[in-house]
There are 2 protein chains.
Amino acid sequence: MFAGEGGPRDGHSMVKRSETSARLDDAARAGWLYYVAGRTQDEIASAMGISRQSAQRLVSLAVAERLIKVRLDHPIAACLELADAVRKKYGLRQVEVVPSDPGAGVATVGIAEAAAAEIERWLKKPDPIVLAVGTGRTLKAAVDQLPAIECINHRIVSLTGNITPDGSAAYYNVIFSMADAVKARHFPMPLPVLVTSAEERETLHAQQLVRSTIEMSAQANVTFVGIGELGIDGPLCLDGFLEKDEMMELMRSGAVGEICGWVFDSEGRLLDNPINERVASAPIPSREASVVIGIGKGKRKMKAIRAAVVGHQINGLITDEEVAEYLLKA
Amino acid sequence: MFAGEGGPRDGHSMVKRSETSARLDDAARAGWLYYVAGRTQDEIASAMGISRQSAQRLVSLAVAERLIKVRLDHPIAACLELADAVRKKYGLRQVEVVPSDPGAGVATVGIAEAAAAEIERWLKKPDPIVLAVGTGRTLKAAVDQLPAIECINHRIVSLTGNITPDGSAAYYNVIFSMADAVKARHFPMPLPVLVTSAEERETLHAQQLVRSTIEMSAQANVTFVGIGELGIDGPLCLDGFLEKDEMMELMRSGAVGEICGWVFDSEGRLLDNPINERVASAPIPSREASVVIGIGKGKRKMKAIRAAVVGHQINGLITDEEVAEYLLKA
DNA sequence: CGCGAGGATGAGTAATTGCCCATGAGCAAA
DNA sequence: TTTGCTCATGGGCAATTACTCATCCTCGCG
């Protein structure tokens, strides 16, 4: 009698433990049958002599206990992981990472296609949207990848002017390239990118046509902007908007990047300086109420991209592995 | 014109290829979102700008193309893989593999519990079944693991006699142990295991009680039998059914194992010899119409188990990793 | 010995997924 | 150009899965 009673009692905690472990064993079994052998939960239930609900619980237990490991055997797996990590770390709405592909010579391989696909996704939406575009070589390359789309319900508006300092049309104003491929109403900004003074900007912005375009851009549902780095071979210098000494001065004051000409420091704050006073671009649309996707990749843009992200100049990002890894370490 | 026409033509296969590859990329993306990120196919569809059905197709494509690899992080994963492989290789109905666990001293650790669980599964079925049991130490250990079950609809019948050569009750006749735990109608076989001659067997089998029990055993829905190895420390000798010289003679004639006393060769064929003529056990129930589960593990039983499997003496197996690996190599 | 907390269970139901089919686009051969 | 073929697409529906809730059981505690 003593032994009989003592046995079960002593065994109690052991039973507890072995029951927990047995439950995990069962969960593993069920998970294996479900994920590896491809059985249905009904089959598992009858095979294990339990109810379908219990089988379901075991399967989800196996998942919850991380007994089931899933991995993706494909080059983009790493990109997707990186994208998700970056999105979480910086609280971005969406992030896309493309392979860095150091072998390819062209600077915009991959990212242009990815950005084009994203633009296309928005343009395929049935409900009318306002899509705003900034400027930049990467963005231009993306737009050049767009297939012919007809979407007469959408409106496409440019955030930046289309006239360079020398009076010619700015090549990298992408809205005209876009108009070639996309059948939609386009609204360019009939302004220089940089004007000579804050006062001139006021005057120009007061024009009816300009004002309505700027107002429309503020209503954008989604915005695509290039992220530019500063430097004497950065786009602002290359395209003749700034002279070398202006650039040097700008960089001394802490500027690390620009979006649509708006220059910001390493924390993504727009600088309060003469250059930004002369930028004639429309303000970047709300990052609270709309999606603003920055596009950029490569070592030279790393600091600019990080700044744009932490300063919430953008809430979406399309970049490459290299930059994504930098953003995770930074 | 020539260039214009040639371009697209030359580009054709390239476009084809890149489209295939792009489709795989999409499949990988969808698969990742589904399996790793845990999104629903609806979410994936709207995120990728496609219909739900297309998302579903991409996900299943990812699986079909083996982009998604699932593995189970649990000790029994290997057992399940082995079991499945053995089941497929030998066309068995069901196979269960338990860890070999070389550290444990007791020979029946693991397999007894597994067999008990399997017996319990059958006994829990609501529809009335006939469950037949053979003999053997392993089976006895399994039955001793059974909890108290009440299943008055089921019938449990023994395939083997319960009297040893010296006239005492055979300890390893498991039906009495089973009766202790399981509330069901039990039908022991009131016979010796081995009789002195084929004629005596005829006489005994002609008895009404014996005949009806044997007939019932032929109707068994499921049968659990131990698989015994031959040898001077095999169960037939240990329990005094055979003398050493009889055993040596048997092994010389090619016998490698026994089930319920029925001795078979390395291909699982029942031997046509004096011993089998004296076995008083009921025939093993049909492997076509019912489930006959053999139980056994360990190096010493390997050959016997392989023979039982290839000779279709059984169509179900509960064994350990060691034997399963041997069966896969053999 | 009764009582409440915690956990497992199964029923029912909502959500999700898998599959079939009609449709139409794209392409090659006639 | 027409015809026939292939294949991707989305609608619709059935199967499968996930979740919620009420209930039951067990265990610990007073």
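Here is the naming used below: chain letters follow the sequence lines, and residue numbers restart at 1 for every chain.
Taking atom CG of Leu33(B) as the reference point, atom C1' of dT16(C) lies 16 Å away to the nearest angstrom. Taking atom CE of Met48(B) as the reference point, atom P of dG10(D) lies 13 Å away to the nearest angstrom. Between the P atom of dT17(D) and the CD1 atom of Ile68(A) lies a distance of 14 Å, rounded to the nearest Å. Distance Asp42(B) CG to dT17(C) P: 7 Å, rounded to the nearest Å. Across the protein-nucleic acid pair, Arg39(A) atom CZ and dA15(D) atom C1' stand 18 Å apart, rounded to whole Å. Distance NZ (Lys124(A)) to P (dT9(D)): 9 Å, rounded to an integer number of Å. The distance from atom CG of Leu24(B) to atom P of dA8(D) is 12 Å, rounded to the nearest whole Å. The separation between Leu61(B) atom CG and dC7(D) atom P is 14 Å, rounded to whole Å.
Contact annotation: Ser54(A) side-chain N/O to dG10(C) OP1/OP2 distance is under 4.0 Å. In this structure, Thr40(A) does not reach the dT16(D) phosphate: none of its side-chain N or O atoms is under 4.0 Å from OP1 or OP2. Checking the phosphate oxygens (OP1, OP2) of dT17(D), a side-chain nitrogen or oxygen of Tyr34(A) falls inside 4.0 Å. In this structure, Gln41(B) reaches the dG18(C) phosphate: one of its side-chain N or O atoms is under 4.0 Å from OP1 or OP2. The shortest distance between the side-chain N/O atoms of Gln56(A) and the OP1/OP2 oxygens of dT17(D) is not below 4.0 Å.
Nearest to the side chain of Gln53(A), among dA18(D), dA11(C), dG18(C), sits dA11(C). Checked against dT17(C), dG12(C), dT9(D), the side chain of Arg52(B) finds its nearest nucleotide in dT17(C).
At distances below 3.5 Å, at least one donor-acceptor pair connects side-chain atoms of Asn315(B) with backbone N or O atoms of Ser290(B). The main-chain N or O of Lys125(B) is found under 3.5 Å from a side-chain atom of His154(B) such that the two form a donor-acceptor pair.
Under the 3.5 Å distance criterion, with hydrogens and angles disregarded, a donor-acceptor pair is assigned to the side chains of Gln94(A) and Glu118(A).
A donor and an acceptor atom sit less than 3.5 Å apart, one in the side chain of Arg57(A) and one in the base of dG10(C).
Looking at Met178(B) and Leu146(B), their side chains come closer than 4.5 Å, going by heavy atoms from C-beta outward.
Under 4.0 Å is where a charged nitrogen must lie from a carboxylate oxygen, and between Asp25(A) and Arg29(A) no such pair does.
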